[in-house]
Each structure stands twice: as C-alpha cells, then as structure tokens.
Amino acid sequence: MVAIAYTVAFDGVEARLVEVQCSVSPGLPGFAIVGLPDKSVSEARERVKAAFGALSIAMPSRRVTVNLSPADLPKEGSHFDLPIALAVLGALDVVPADALERVVSLGELALDGRLSPVTGALPAAMAAAEDGRALIVPRACGAEAAWVAAVPVLAPRNLREAVDHLTDRAPLARAAPGEPALAPQHADLSEVIGQERARRAVEIAAAGRHHLLMVGAPGASKSMLATRLPGILPPLTPQEALETSVIHSVAGQLAEGGISRNAPFQQPHHTASMAAMVGGGRGARPGQASLAHNGVLFLDELPEFERRVVDALREPLETGEIHVSRANAHIRYPARFLLVAAANPCRCGEIADPGQACAKAPRCGSDYLGRISGPMMDRFDLRFEVPQVAIEDLALPATGESSATVAARVAAARAIQNGRFADHPTARVNADASGRLLEEIAPLDGECRALLSLAAERLGLTPRGYHRILRSARTIADLDESAAIRQPHLAEALSYRLPFGRAD
C-alpha cells in the first residue's frame, strides 16, 4: 500500500507543495528516504523511529520507502519529520488516507514525540490555502500560520495529538493568529542636537524612499539620525507587512507569531560577507538586504565594507529583487529597501581639523571615499556633509521637532503618492518612478528645466543622477503639498548631490 501526505519545500520565500509518498513492501527490514533529501531530511528516519517508540507504535519488519516528490526539487530542513511520520502511519493504516489528503503538515519531531518549531510556517500556510488544504504545524508556529485566515491551522503539541486529530479521536481547535506588533519608538528625532539640514534630508528620504549617504566626522550624529529614521516612516500596509513577514518567517526571525507593522531596520557590520548581505550560503537563506524589505538598511562606515559586497546591492537598488544563483537552485528574494549609509570623510575622520589630520591630508579623503565605486555612489539620491556639533551646543536643550511631528508630514506625502500610484502595478513611492511615468509625475517648466540643465553640466550628472534629482524634487514638492515642482524644490534636490570621492 502507498500512502501520501503533503508538505512544502522552500524555494526562496515561495513554498512549493511536496508529496510524501510512503510504501511498505516485503523484503529485508529497512527505512529509506529518497527524492533529493539533504542530511537533515535523511536523519528524519531516526527521529521518526524514536517518536514511534514513544507512542508504542512498532515499525514493521518490512521495507519502508519514503519518496519526496517532485524528486528533482532539493529538500532541506527538519520540517519534513512530521509529514514523513504521518505518511508512514498512513501506510500502516493507523491514519486514514483521506484524512492525510486534506492536510499539509510540517514540524520537527523530538525523540519523545514532541513537535519543535520550524521556520516558514507563514508561506506554508499560504501554499496550503492556494491548494485548498488545512495546515498542521507545531504549537509554537500556530499563531504565525493562523494569520492566513483562508486556511484552517491546527497546532498540536506532539505527534500523538496530530494522530488523534486525524483519526477523529480528539479533534483540535483552530489556532488563533498572534497579536499584530507595533512597538513604540523609544529613540526620538528631537534628541538630535542641531543638524537641521541633515534632519531635513532624513525627512525627504523617508517621504519618498530615497537612498541617503551622510559624510561627516566621528560623533557628528550620523548614526543617531539613521537609527531614528524608522520612527518617522509610516506603519506598513497589510500587504507590506505580509510581504516582510514571509521573508522573516523563512529566516526564522518572526517573533511570537506576530506580524509586525513596523518597518524593519537592519544594520549589518562592515565585516559582513556577500552571503550575509544579499543571501546565499547553506540553504540560500535571505540576507540583510531582503530582511530590510519595506524598511531601512543602514550601512555604517560604508567605505570599510568589502567593495564587492557593497556593489552587490546595485541590482536590488534598481530592481527591488535579489537573485541568488547556485548550482542546483535559482532563488529570488524581494529586497525593496531604503539604503542609508554613513561614512567618515577620511580614515581617521579628522581631515577638517588641520591640527589633528594626518600627513596625507587632503588626498586621504578622496582615497578613502574613492573606495565606494562611482556607479554605487550614483545610486544615492541624497548625499551631503554632516558638520560636527560644537561642544557648547550639546548642553543646550533640544529644539528640534519630534519624530511624531515629522512622521505626520511624511505620512501626508506618502498619502499623496498612494493616490498618484494607485493604478500602477509596481510603483508605490516616488523613488519607484522611471521612464514615462517619471516624466508624467515630474514635469518641469522652462525655468526649472534651464536650472537642471545648468546643474547637469556643472556637476557632470549621469542620466541616472538626473532622474534621481527629479524624483527627489517630486518628493520635496509633495512635502510642500505642491502639485507642481517649482524652482525652490529643484534647487533643494540639487543641493543634496555633492560629488564625494572619485568616480570609477
């Protein structure tokens, strides 16, 4: 007899349905798992045997073969334990075949039969809903998977409870979704002393999702500004929250089953590898860029990052996606984020102070910032210098606007953009506009066009830089609640395109 259970295999953030076929046939006793399993899947047979022993179920003295179909799809992860166990029980007539037909299951088995949490419950629930089946996951994953209301989610604590439900001895109640998380922001923009120009640039970046580069001496509040930027971003929409949570679910970073409405904030160290930044490594997991989807990716000390790691971000900055290619897999991860970078003006950071600068000044500054490639530098919409704050000013009371005040203006500008791009399939904010769409939303009068042409000649703008200035000007006009881009809006956008470093 052949019994079939269902589970999923992960292809990036997509969960693909997998048949777990089990055959018990005459022959020498054995337990084989085929269908391109990795080491963790092959080890499932030992965990399944021990869990059966805890339930006083004896393995048959025959040959047990489990096939994971489609056989050419790599199978990775310990979540195959539960469906393998259920398929074997179906082949032994312990669990009805029609009951297995109606559910998708995933979970790791402990040796005593308990179900341990696994990653990817949320995309698994979406796959089960598309296929019209219920979902069985460990108790710890129930609150996460239950966010997909279209699928009944059952969350047993152990294998016995799963079997009792499938045999109708003790049906399980549907799991309830976790509480939506909207954590309060403790770091406030008003804590930044001075830096009015930098605060304004951060507001523009948040309003239109424009990539931002700050260059300034150590202690000039660059990191303070970056870490407070998420506090002025609007809460994620339900669609954005689901997109982001699916990525965090696959990465095992979804806390307590709650889908967060806060924009994610990722700050990798400058020693981060290529796989850590853009994804890959064992299992081709999502990297920091994908974990920052719909949020902020902050690169502090940008020139200290390995150059090829930084340049790997050029693709997602343009397309909003990362493609991870391996010998046996080609995986796509969404990665539409706001890039914020900070850098010292030179390696020691004291180039502006003749008394403390090194003997290599001023060339050390251009050499240091020259580590950032020209194409990468060109992808920053806003780049400017952050001056040092005078010591005597630090004792003065904070006079800047609070994050709540700035967030209200950002939300108003985002509302204008939501209406503008309501019928567009991909664009959501001004930074997404390109080609004919950009021409439609950012028309210039004669004076503005003359100013932009003069600036393009003086600054040596590339076509990409030209378009990024238009997008920034459109956002500045939205913050000013102006339907048209006027000369002051364009002039302010141009002021944030200082030519740092050297172009490669």
Side-chain angles (χ1 to χ4, degrees), residues 12-14 120 122-123 126 144 147-148 178 180-185 202-212 226-255 257-268 277-279 285-299 313 315-324 331-341 379 381 403 406-407 410-411 413-418 420-422 424-434 471 475 478:
V13 295
E14 180 184 356
L122 186 59
M126 296 169 66
E144 172 188 334
W147 278 103
V148 182
L182 189 56
Q185 297 289 340
V202 166
E203 180 180 341
I204 296 169
R209 211 191 66 232
H210 300 289
H211 307 305
L212 176 70
T227 54
R228 282 152 180 76
L229 196 152
I232 64 174
L233 290 173
L236 300 181
T237 65
Q239 178 184 353
E240 291 172 339
L242 185 60
E243 289 175 1
T244 306
S245 297
V246 165
I247 300 171
H248 286 240
S249 175
V250 171
Q253 297 188 10
L254 206 58
I259 290 184
S260 177
R261 295 290 302 277
N262 292 99
F265 181 84
Q266 299 294 325
Q267 185 178 354
M277 184 67 75
V278 299
R285 293 297 184 187
Q288 293 287 302
S290 293
L291 293 173
H293 182 60
N294 290 322
V296 177
L297 178 65
F298 177 41
L299 304 185
L313 296 174
E315 177 196 1
L317 288 177
E318 293 294 330
T319 65
E321 295 181 343
I322 286 177
H323 296 267
V324 180
I331 297 171
R332 180 190 64 84
Y333 286 117
R336 195 175 297 278
F337 53 85
L338 166 56
L339 177 62
V340 179
R379 282 169 167 80
D381 302 51
S403 291
V406 178
V410 170
R414 284 288 184 100
I416 293 173
Q417 294 168 66
N418 290 339
R420 177 180 297 141
F421 301 118
H424 198 276
T426 58
R428 298 180 184 177
V429 292
N430 291 331
D432 296 332
S434 61
R471 296 180 189 125
T475 299
D478 289 343

Rounded to the nearest 0.5 angstrom, the CZ-CG distance for Arg209 and Asn294 is 8.0 Å
Separation between CG (Leu236) and CG (Asn262), nearest 0.5 Å, reads 7.5 Å
Value for CD (Gln253) from OG (Ser245), rounded to nearest 0.5 Å, stands at 11.5 Å
- Should Arg379 and Glu318 count as an ion pair when the cut-off is N to O under 4.0 Å? yes
Donor-acceptor pair, distance only, cut-off 3.5 Å: does the side chain of Gln266 make one with the backbone of Gly295?
no
Between Ala407 and Gly231, the two heavy atoms sitting closest are CB-O, 4.1 Å
One should read off an interatomic distance between Leu317 CG and His211 NE2, to the nearest 0.5 angstrom, of 4.5 Å
Side-chain contact test, heavy atoms from C-beta onward, threshold under 4.5 Å: evaluate it for His424 versus Asp432 and give yes or no.
-> no
Quiz item: Can you check whether Leu313 reaches Phe337 side chain to side chain, under 4.5 Å on heavy atoms?
Solution: yes
* To do: Indicate yes or no for a side-chain donor-acceptor contact from Arg471 to the backbone of His210 under 3.5 Å, with no hydrogens or angles considered.
  => no
Minimal heavy-atom distance between Pro123 and Val246, with the atoms involved, is CB-CG1, 4.1 Å
Practice problem: Check whether any side-chain heavy atom of Leu297 lies under 4.5 Å from a side-chain heavy atom of Pro268, and answer yes or no. | Solution: yes
Answer whether the closest heavy-atom distance between the side chains of Asn430 and Phe421 falls below 4.5 Å. yes
(message) Run Thr227 and Val296 through side chain to side chain contact (heavy atoms under 4.5 Å, CB included) and show every step you take.
(response) CA-CA 9 Å; Thr227 54; Val296 177; over 6 Å; no
A side-chain contact here means heavy atoms from C-beta on lying under 4.5 Å apart; do Arg414 and Leu233 qualify? yes
Residues Leu122 and Ser249: closest non-hydrogen pair is N-OG, 3.4 Å
With sequence neighbours left out, the residues meeting salt bridge (Lys or Arg N to Asp or Glu O under 4.0 Å) with Arg428 are Glu240, Glu243
On a heavy-atom basis, the closest approach of Gly178 and Trp147 is O-CZ2, 2.6 Å
*asked:* Given 3.5 Å as the limit, does a donor-acceptor pair link the side chain of His293 with the main chain of Arg336, or not?
replied: yes
Output for pair (Ile259 CD1, Thr244 OG1), nearest 0.5 Å, gives 10.0 Å
**OP:** Measure the shortest side-chain to side-chain distance between Leu338 and Leu229 over non-hydrogen atoms and say whether it is less than 4.5 angstrom.
**Re:** yes
Practice problem: Output yes when a side-chain donor or acceptor of Arg332 lies under 3.5 Å from a complementary backbone atom of His323, and no otherwise. | Solution: no
Worksheet entry | Test log, rule side chain to side chain contact (heavy atoms under 4.5 Å, CB included), inputs Gln288 and Leu291 | CA-CA 5 Å; Gln288 293 287 302; Leu291 293 173; 4.0 Å; yes
Item to check | Any side-chain heavy-atom pair of His248 and Pro264 under 4.5 Å | outcome: yes
**Study point:** Min side-chain heavy-atom separation Met277-Leu299 under 4.5 Å
**Key:** yes
Nearest heavy-atom contact between Tyr333 and Ser290 is CB-OG, 3.2 Å
In this structure, OG1 of Thr237 is separated from CG of Leu242 (nearest 0.5 Å) by 9.5 Å
Taking every heavy atom of Glu203 against every heavy atom of Val406, the minimum-distance pair comes out as CG-CG1, 3.7 Å
